[in-house]
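Note on naming: letters A, B, ... go to the chains in the order of the sequence lines (proteins, then strands), and numbering restarts at 1 for each one. Note that the structure is a prediction, hence the values are computed from the model and not measured.
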Protein chains: 2
Amino acid sequence: MSKGKKEPERTKRPTSYDVARRAGVSQAAVSRAFSKRGYVGAEARAKIEAAAKELGFRPNALARSLIDKRSRIVAVVIADMYYSFYVAILHQINGALRQAGYQTLLFSIPSSQDLDTIVDDVGDYRVDGIIMVSARLTTDVARMSEALGVPIVLMNRYADQPSVNFVVPDDHQGGRLVAEFMLAAGHHRFAYIAGIEGASTSRDRGDGFRAALPSSPQVKAGDFSYEGGFAATEALMRGPAPPDAIFCASDIMAWAAIDALRHEFGLRAGRDVSVIGYNDAAESRWRNYDLTTVVSSPDSMSHRAVEILSALLDREATPPVQERLRVHLKVRGSARVPSDYEAENVEMETGR
Amino acid sequence: MSKGKKEPERTKRPTSYDVARRAGVSQAAVSRAFSKRGYVGAEARAKIEAAAKELGFRPNALARSLIDKRSRIVAVVIADMYYSFYVAILHQINGALRQAGYQTLLFSIPSSQDLDTIVDDVGDYRVDGIIMVSARLTTDVARMSEALGVPIVLMNRYADQPSVNFVVPDDHQGGRLVAEFMLAAGHHRFAYIAGIEGASTSRDRGDGFRAALPSSPQVKAGDFSYEGGFAATEALMRGPAPPDAIFCASDIMAWAAIDALRHEFGLRAGRDVSVIGYNDAAESRWRNYDLTTVVSSPDSMSHRAVEILSALLDREATPPVQERLRVHLKVRGSARVPSDYEAENVEMETGR
DNA sequence: CTGAAAGCGCTTACAG
DNA sequence: CTGAAAGCGCTTACAG
């Protein structure tokens with residue numbers, strides 16, 4: 001229609017040749033001035049910097065990547081992102097990557113089922129590496145890494161393959177911590193609301209919990225979702241042996257448990273039944289939840305993931321790099337507190 | 001340490017020359033075969049495709065961007081992302097961009113204050129365009145667009161600059177919808193919990209609300225946060241004229257209002273006081289909240305944002321493109337329902 | 001210290 | 001239809 005109007009002319013950005021011309025030096029000198037490690041005389045450098053500033057020149061990172069074989073782009077693959085814990089992780093990864101000099105190419109996929117649909121895109125942009133965080137993991141990560149020729153670091157969850165790199169919370173320890181706390185508080189009838197089958201998080205948290213308990217807890221799958229946690233809680237409470245202490249494999253299911261107890265059974269978490277979660281997502285501090293939970297610090301996990309990937313990229317580490325990060329229990333009001341309880345890795349929420 | 005071990009050799013990916021050699025054609029032919037619009041004979045094409053498949057060849061998108069001046073990368077800038085509504089938006093944008101053939105370079109910044117720190121990074125990677133979604137907006141977007149030479153589309157929030165592109169919910173309409181609904185339910189003492197000063201969302205929602213009310217509502221700032229919404233609700237209820245109907249500029253503040261009413265005043269939203277929010281984020285469907293709220297469809301907003309940017313990039317549109325999307329009210333249990341209420345843009349939650 | 005030149009992996013006129 | 005050649009914006013040995 002308004003083809004006649006003056007179109008928004010995409011302003012062409014200056015190149016190193018433009019700067020060279022203006023500064024009266026060679027294009028190579030400009031390149032050296034901008035790539036730290038090159039020799040440039042003091043006055044040449046001054047002229048170049050002045051010219052670059054006037055022109056608003058900044059080197060084209062894409063062109064550079066072509067020659068030095070490093071795009072400085074990292075693919076971050078994240079599935080099932082609706083839980084706020086993953087948002088915190090994503091935010092932290094992005095910040096850590098930027099600080100380390102990398103950019104984040106985002107692949108937010110509906111579920112990890114769809115992982116295969118993105119490997120072409122990931123590959124086409126020649127990312128230097130991949131960080132993956134997803135609830136379920138159906139793909140052969142090792143093969144994917146091989147096919148793309150770049151290292152992959154898994155976060156929060158590991159795969160049952162010998163050669164993959166990962167950084168996860170020490171979930172077994174987390175489960176034990178919860179069991180010991182509940183035992184000290186005098187609970188007797190334990191239940192575990194698991195996540196989804198096959199997830200290392202769900203399995204290890206449950207194993208640690210069970211290992212520290214005198215008898216086996218009841219177990220119900222909660223699907224790592226609010227609805228799943230709600231239904232699991234209902235089933236447990238209507239069952240033949242309602243538990244007096246429920247450990248949930250993730251906070252979101254614990255919130256659901258608290259809501260189910262209140263709205264379906266008129267029970268209050270912390271007084272009638274103890275509920276403990278995992279992750280310490282933001283909502284756990286909300287007045288309605290005030291959740292006692294295991295802190296798995298998305299910030300340190302994210303930073304380690306980036307450090308590991310960095311080391312792998314700089315050939316300063318050899319895969320597999322596999323780390324389990326220490327966790328601790330944050331005590332709030334959703335679970336009965338043992339009197340005079342003192343233990344390592346347990347921290348009372350101050351204030352309130 | 002283990003420098004002696006065989007290092008993980010980064011496998012070099014094949015180039016168009018490798019494919020050409022194997023297929024017995026020129027490199028140019030390979031390029032043409034992969035760039036739709038080029039002429040390649042049927043048998044040449046067959047040989048090329050076979051060779052490419054054997055070698056696992058895919059064109060280097062970064063190299064291509066150099067020559068055709070389109071990186072097909074879009075920067076998505078998102079601040080204050082802790083609210084789940086923004087997560088949904090981010091996910092939708094990413095999906096829509098991928099479908100349109102673009103990749104997402106993520107810039108998740110602590111707050112929009114930090115916007116300036118990322119423009120260099122955004123520029124260095126020669127993104128084709130920018131989509132911005134943030135709670136506050138302190139930067140001169142028009143100038144930023146000018147400086148980088150690429151179009152910017154704002155989402156959910158607009159700026160008071162004549163030339164910016166944006167797509168937002170029709171917030172004035174949303175505010176009116178809420179007022180009419182509350183009036184029909186027989187409420188008399190209205191309150192508005194605003195977000196932050198200067199945000200178009202907060203202003204327009206409040207203006208629409210006020211415009212449809214017979215008298216001015218009380219107003220308290222809630223900072224678009226849980227804590228802020230909680231404090232605002234407390235202040236209102238302890239004030240000289242406790243409201244019987246509270247409209248919150250965003251869901252997260254409405255959840256806080258519901259919790260504050262229950263835990264601080266022993267009141268139930270929907271029975272004692274009506275609470276209505278804005279956005280229909282996932283938590284609003286949780287049993288504890290069951291929030292009546294204005295639906296501002298992050299999915300359609302995201303798709304439109306991508307379409308607009310696309311059109312701008314293809315020179316099929318001239319800035320500014322400014323759109324306000326129709327909203328509707330989703331009726332759940334947190335606000336009294338007028339008897340026999342029927343209105344356009346009001347939808348009862350089915351089921352339960 | 002500095003410039004000329006080659007090359008990274010592509011696309012695109014331009015001849016044949 | 002197809003190949004040779006130039007060029008995108010850089011970096012990096014290599015001579016001077």
Side-chain angles (χ1 to χ4, degrees), chain A residues 10-49 51-52 55-73 101 120 123-128 149, chain B residues 10-49 51-52 55-73 101 120 123-128 149:
Chain A
R10 206 114 313 152
T11 45
K12 218 172 74 211
R13 298 189 53 150
T15 73
S16 53
Y17 282 93
D18 299 324
V19 175
R21 197 173 312 117
R22 187 173 196 108
V25 299
S26 73
Q27 179 273 335
V30 175
S31 178
R32 276 191 225 104
F34 274 85
S35 72
K36 318 300 150 221
R37 359 192 276 78
Y39 293 91
V40 193
E43 56 180 322
R45 162 159 275 134
K47 282 190 294 186
I48 291 171
E49 273 166 8
L55 263 33
F57 168 79
R58 299 216 101 222
N60 183 330
L62 268 22
R64 167 164 44 207
S65 80
L66 211 55
I67 169 112
D68 73 3
K69 266 74 177 61
R70 307 192 62 178
S71 63
R72 298 214 146 262
I73 296 175
D120 282 349
D124 288 357
Y125 281 82
R126 301 299 191 265
V127 301
D128 289 341
Chain B
R10 207 117 309 156
T11 44
K12 219 171 72 208
R13 299 189 53 150
T15 74
S16 54
Y17 281 94
D18 298 325
V19 176
R21 198 173 312 120
R22 187 172 195 107
V25 299
S26 73
Q27 179 272 336
V30 176
S31 178
R32 276 191 225 103
F34 275 86
S35 72
K36 318 299 149 221
R37 358 190 278 78
Y39 294 89
V40 193
E43 54 180 321
R45 163 159 272 133
K47 281 190 294 184
I48 290 170
E49 274 167 7
L55 263 32
F57 169 79
R58 301 214 100 221
N60 183 330
L62 269 21
R64 165 164 45 208
S65 80
L66 212 53
I67 170 111
D68 73 3
K69 266 74 177 62
R70 307 192 63 177
S71 63
R72 299 215 146 259
I73 296 175
D120 282 348
D124 289 357
Y125 280 82
R126 301 298 191 267
V127 301
D128 289 342

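Looking at the side chain of A28(B), the nearest of the listed nucleotides dA5(D), dT2(D), dG3(C) is dA5(D). For R32(B), whose side chain is taken as the heavy atoms from C-beta onward, the closest listed nucleotide among dT2(C), dC1(D), dA13(C) is dA13(C).
Ion pairing between D120(A) and R58(B) holds under the 4.0 Å rule for side-chain N and carboxylate O.
Taking atom CD of residue E43(A) and atom C1' of nucleotide dT2(C), one finds them 12 Å apart after rounding to whole Å. Atom CD of Q27(B) and atom P of dA5(D) are 13 Å apart (whole Å). Taking atom CD1 of residue I48(B) and atom P of nucleotide dT11(C), one finds them 12 Å apart after rounding to whole Å. If you take OH of Y125(B) and P of dG9(D), they are 18 Å apart, rounded to a whole angstrom. Across the protein-nucleic acid pair, F34(A) atom CZ and dT12(D) atom P stand 15 Å apart, rounded to whole Å. Regarding Y39(B), its OH atom lies at a distance of 17 Å from the P atom of dT11(C), rounded to whole Å. The CZ atom of R72(B) sits 13 Å away from the P atom of dT11(C) (whole-angstrom rounding). Distance CZ (R126(B)) to C1' (dC10(C)): 18 Å, rounded to an integer number of Å.
Contact between the side-chain N/O atoms of T15(A) and the OP1/OP2 oxygens of dG9(D) is not found at any separation under 4.0 Å. For the pair K69(A) and dT11(D), the criterion of a side-chain N or O lying under 4.0 Å from OP1 or OP2 is not met. Contact annotation: S16(B) side-chain N/O to dC10(C) OP1/OP2 distance is under 4.0 Å.
Residues L62(B) and R126(A) approach most closely at CD2-CB, 4.1 Å, considering heavy atoms. Between R22(A) and L55(A), the closest heavy-atom pair is NH1-CD1, 3.3 Å. Contact record, P14(B) with D18(B): CA-OD2, 3.2 Å, taken as the closest heavy-atom pair. Of all the heavy atoms in S71(A) and S65(A), the pair that sits closest is CA-CB, 3.6 Å. A23(B) approaches A51(B) most closely through the heavy-atom pair CB-CB, 4.0 Å. Closest approach of S16(B) and Q27(B) over heavy atoms only: OG-NE2, 3.1 Å.
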Criterion side chain to side chain contact (heavy atoms under 4.5 Å, CB included) on N60(B) and D124(A), from CA distance to verdict: CA-CA 5 Å; N60(B) 183 330; D124(A) 288 357; over 6 Å; no

Working for side chain to side chain contact (heavy atoms under 4.5 Å, CB included), residues I48(A) and F34(A): CA-CA 9 Å; I48(A) 291 171; F34(A) 274 85; 4.2 Å; yes

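If you check every strand for non-hydrogen atoms under 4.0 Å, A29(A) touches sugar and phosphate atoms only.
Residue-to-nucleotide proximity on DNA chain C shows that, of Y17(A) and A42(A), the 5′-proximal contact is made by A42(A).
Remark: Y125(B) engages no residue in a ring-ring contact (aromatic ring centres under 6.0 Å, His included) (not counting sequence neighbours).
Stem regions for DNA chain D, each three or more consecutive Watson-Crick or G-U pairs with both distances under 3.5 Å and listed by first number, read C:1-3 with D:14-16, C:5-12 with D:5-12, C:14-16 with D:1-3.
Near DNA chain C, meaning a heavy atom under 4.0 Å away, the residues from residues 60-68 of chain B are N60(B), A63(B), R64(B), L66(B), I67(B).
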